Amino acid sequence: MKVARFHAPGDIRIEDVPEPVAGPGDVKIRVRNCSTCGTDVKIFKFGHHHIRPPRVMGHEIAGEVVDVGEGVTGWTPGDRVQVIAAIPCGECEECRRGHMTVCPNQESMGYHYDGGFAQYMIVPAKILAVDGLNRIPDGLGFAEASVAEPLACVLNGQELARVGEGDDVVVVGSGPIGCLHVRLARSRGASRVFLVDLNAERLAMAADLVRPDAAICGADTDVVDAVLKLTGGRGADVVITAAASGAAQEQALQMTARQGRISFFGGLPKDDPIIRLDSNLVHYRELTIVGANGSSPAHNKRALRLIADGSVPVADLITHRLPLAEVLDAIDIVSRGAAIKVTIEP
Ligand SMILES: [Zn+2]
Ligand SMILES: [Zn+2]
């Protein structure tokens, strides 16, 4: 079968390898869609300390069961499935307390296990053990189902930031994650959603699709000023930074309303993670700052349902569909910000 394997930074190869075999407790799937995201670009450029090459990449996975290993019950060939990306151990203190997104023993598809840029893939027994294999509802396509994984991360972020009825929400970053944040905030009853980006072209493309109440280009506008104007000086109830930018995180505090919530959804570069934060804003305005680290199996299930029942439409966000042989083009398109969602159809 054909796979796209990471060998070293800058070195991803399309290769012919034997089809994998389902061991005890595993499920083997025919991958139908594996979507790409900024993380794939990061791995391509810099590698990752959890990846020991060669490794098949790809973690936004949907496909069809073709075989099950010894002892597997409840799954049969032909079942259409979506697969979680982050695998909590299910046994540590955090997992037992229900904090699966911060399991210190977490492993990931495409990192510790071969991922979805392949014609066939093994869903490891560890995923089934934490209920991380989800049935795709009838009528929902594989490409849309593959977006359940990033939406699950967005859902985790908005639950932690308590996005809800009547909120004014600012989303900083208009990539696929930013677009999902806009759509999810609307489905949770946000009153107005403002989308911010430095890249005017990408912002225009995203705004065209997700129709925020205002699109603010940080390259030519003072974002804090603009948000304060739009909210009558109050600021936004929730500000979500879906960009790897310390400056955006610092600005977020300046445009958050009293008792508002700030989600540092996107992480910062490892070598530059320190920001200047006005602690008195947090104190006197009773602000809450939250993080977000991926998603749990339960978030994946709920995200898949939100897509299937139309609460969070994603079909129009999938702007490019490419075959496995063009995975490098896909990564290039993503890194240039020239697409919303690029999906690979192996
Ligand atoms: Zn991703
Ligand atoms: Zn754990």
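Atoms within a ligand are numbered from 1 in the order they appear, just like the ligands themselves. Bear in mind the structure is a predicted one, so any value in this text is a computation, not a measurement.
Here Cys89 contributes SG and Cys103 contributes SG, and at the Zn ion (ligand 2) these two atoms make an angle of 100°, given to 10°.
Side-chain atoms of Thr221 never come within 3.5 Å of backbone atoms of Gly218 as a donor-acceptor pair (strictly under, hydrogens ignored). When atom types are taken as modelled, the side chain of Arg30 and the backbone of Gln119 share a donor-acceptor pair closer than 3.5 angstrom.
Here His59 reaches the Zn ion (ligand 1): one of its N/O/S atoms is less than 2.8 Å from the metal.
Taking a cutoff of 4.0 Å between a charged side-chain nitrogen and a carboxylate oxygen, Arg80 and Glu64 do not qualify as a salt bridge. Electrostatic pairing of Asp26 and Lys28 does not count as a salt bridge here, judged by no charged N lying under 4.0 Å from a carboxylate O.
Among heteroatoms of the N, O or S kind in Glu60, OE2 lies nearest the Zn ion (ligand 1).
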